[in-house]
2 protein chains.
Amino acid sequence: MRLFLEQGFETTTVNQVAEAAEVSAMTVYRHFPTKEHLVLSDDYDPDILELVRAREPGEPLVTRIGRALADGLSRLSEPELDLLLRRIRLMLSAPALRARLLENQHATQAAVVEALRGERTDPEWEFRLRICADACFTATTAALIRWAETDDAHRPGELVHRAIDYLAEETG
Amino acid sequence: MRLFLEQGFETTTVNQVAEAAEVSAMTVYRHFPTKEHLVLSDDYDPDILELVRAREPGEPLVTRIGRALADGLSRLSEPELDLLLRRIRLMLSAPALRARLLENQHATQAAVVEALRGERTDPEWEFRLRICADACFTATTAALIRWAETDDAHRPGELVHRAIDYLAEETG
DNA sequence: CTAACATATGTTAGTCACTAACATTTAGGA
DNA sequence: TCCTAAATGTTAGTGACTAACATATGTTAG
């Protein structure tokens, strides 16, 4: 992270990272499958799943997933937010990272869909879940990007909250 | 496309593509910035923009963008759908392609946001536009993926239509 | 018809992410 | 202390992509 922030993601080679960590390049690849994973690996998934499960099953899906994501962000501590902010800024700076970010999102989303599938296994319900999870996750991403781009004192959780509201307002 | 479909995307080298096209590898790179662009470049953007602009300005944003996308798909001819289907199947087969697909989407989305910005330039309106465009585009992608995965006789336009409906139903 | 110029293409050599195969070290238990 | 398994290192390679320079090809002016 230090090297990437100092000299940029693309201009930093894996060898440099390896040297800085005092290991060989090969060792880096054994711990992180790609260079992008050095930035992107996190472990928010379990918390997100718990928050989604904890909400009322009767709620509309978008509300349920969206509010869970917003609450999860609101619960992060100041240093956690700092790290998140730096990671997001980095992601925005490199196309390769932006691309992988969305792949990551997809994995978390799959877990959420899995958690909400319940007994219903028909493809139509699966489809509906995917649509709603997609909308919530992209709304969250958009909110985080706005948070990272502006120097406002916005709290990310509140931005996500608002994003979900907009979705409700702009739906016929 | 032929080579990629025959032997897979990752196992086909750019050199092979160049040979098949009877040019040098360098020439390939001058026409397509990356290997992924060989599959991903399309020119649907102008049509999408026109369809979005053509709809009632009074409509909720999700309806407006979502229906425009659904209509655009409904309007494609049989051979165009065939090509689209093959491209989507290919994208689903290679992680690198999946990632870039989302980058592509982002570009089209930016154009839609641009088109709908109008006179309002405040960041809050921009934010709202992004949220809605995101939701519609990911819903479309989910619909296309479902279309490509199942061998049902579903029409993609109709699937997108239904996806947008789900979004409306699951919103509080 | 040709000279001049721009544009498209080819060639070569290089960087860097990533992989495979094998060698070496390190750590922990019998 | 020996043995085994896991972690790390080394080397050599592949393949996407870039930079620099050379060549061809087409286009317009004289």
Side-chain angles (χ1 to χ4, degrees), chain A residues 1-43 45 83 86-108 110 141, chain B residues 1-43 45 83 86-108 110 141:
Chain A
M1 279 296 285
R2 202 195 74 236
L3 285 175
F4 290 150
L5 288 169
E6 276 174 16
Q7 39 178 317
F9 179 76
E10 286 169 338
T11 53
T12 304
T13 73
V14 174
N15 270 321
Q16 288 177 303
V17 174
E19 273 178 41
E22 291 176 322
V23 286
S24 78
M26 194 61 223
T27 300
V28 174
Y29 283 117
R30 279 199 257 254
H31 288 269
F32 300 89
T34 71
K35 185 182 171 187
E36 286 84 30
H37 279 80
L38 286 167
V39 178
L40 291 174
S41 45
D42 63 45
D43 41 2
D45 286 26
L83 178 59
R86 275 185 302 172
R87 283 177 54 204
I88 293 174
R89 294 234 168 98
L90 205 50
M91 287 175 201
L92 296 179
S93 76
L97 282 175
R98 271 201 300 273
R100 295 277 181 169
L101 159 70
L102 300 170
E103 283 266 298
N104 258 33
Q105 220 182 72
H106 193 76
T108 307
T141 303
Chain B
M1 279 295 284
R2 202 195 72 235
L3 286 174
F4 290 150
L5 288 169
E6 276 173 16
Q7 38 178 319
F9 180 75
E10 287 169 337
T11 52
T12 304
T13 74
V14 174
N15 270 322
Q16 289 178 302
V17 175
E19 273 177 42
E22 292 178 321
V23 287
S24 79
M26 193 62 221
T27 299
V28 174
Y29 283 117
R30 279 197 260 253
H31 288 268
F32 301 88
T34 70
K35 184 183 171 187
E36 286 83 30
H37 279 81
L38 286 167
V39 178
L40 291 173
S41 45
D42 63 47
D43 40 1
D45 286 27
L83 178 59
R86 274 185 303 174
R87 283 178 53 204
I88 293 174
R89 294 236 168 98
L90 205 50
M91 286 175 201
L92 296 179
S93 75
L97 282 175
R98 271 201 300 273
R100 294 279 180 169
L101 161 70
L102 300 169
E103 284 266 298
N104 258 33
Q105 217 182 75
H106 193 76
T108 307
T141 303

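The structure presented is a predicted model; accordingly, all values stated were derived computationally and were not measured. Within every chain, numbering begins at 1; the chains are lettered A, B, ... in the order of the sequence lines, protein sequences first and strands thereafter.
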What's the [atom1]-[atom2] distance between [X] and [N], to the nearest Å?
X	N	atom1	atom2	value
B:F32	D:dC17	CZ	P	13 Å
B:F4	D:dG15	CZ	P	14 Å
A:R100	C:dA17	CZ	P	13 Å
A:L38	C:dC16	CG	C1'	14 Å
A:E36	D:dA16	CD	P	16 Å

Just by distance, do the side chain of A:R87 and the backbone of A:V39 share a donor-acceptor pair under 3.5 Å? yes
Would you give the length of the straight line joining atom [atom1] of [X] to atom [atom2] of [Y], rounded to the nearest 0.5 angstrom?
X	Y	atom1	atom2	value
B:L83	B:M1	CG	CE	5.5 Å
B:R100	B:M91	CZ	CE	12.5 Å
B:E10	B:K35	CD	NZ	7.0 Å

Contact check, residues 6-18 of chain A vs DNA chain D, heavy-atom distance under 4.0 Å, returns none
Mind checking what makes side-chain contact (heavy atoms from CB on, under 4.5 Å) contact with B:S41, not counting sequence neighbours?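 If we apply the side-chain contact (heavy atoms from CB on, under 4.5 Å) test to B:S41, skipping adjacent residues, the hits are B:F32.
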Tell me every residue that passes side-chain contact (heavy atoms from CB on, under 4.5 Å) with A:R98, counting only those two or more places apart in sequence or in another chain. A:P95, B:E103
If each end axis of the helix from C:dC1-D:dG30 to C:dA30-D:dT1 is fitted on five C1' pair positions, the angle between them, to 10 degrees, is 0°
If you define the side chain from C-beta out and look only at heavy atoms, does anything of [X] sit under 4.5 Å from [Y]?
X	Y	result
A:L38	A:V28	yes
B:E36	B:F9	yes
B:L92	B:I88	yes

Output one line per pair: protein atom, nucleotide atom from nucleotides 6-10 of chain D, and distance, for all N/O pairs under 3.5 Å.
residue: D:dT8; atom: OP2; partner: A:H31; partner atom: NE2; Å: 2.9
residue: D:dG9; atom: OP2; partner: A:S24; partner atom: N; Å: 2.7
residue: D:dG9; atom: OP2; partner: A:S24; partner atom: OG; Å: 3.0
residue: D:dG9; atom: OP2; partner: A:T27; partner atom: OG1; Å: 2.4
residue: D:dG9; atom: N7; partner: A:R30; partner atom: NH2; Å: 2.6
residue: D:dG9; atom: O6; partner: A:R30; partner atom: NH2; Å: 3.2

Quick one: side chains of residues 14-21 of chain A, donor-acceptor pairs under 3.5 Å with protein atoms, not counting sequence neighbours, listed by atom name and distance.
residue: A:Q16; atom: OE1; partner: A:T13; partner atom: N; Å: 2.9

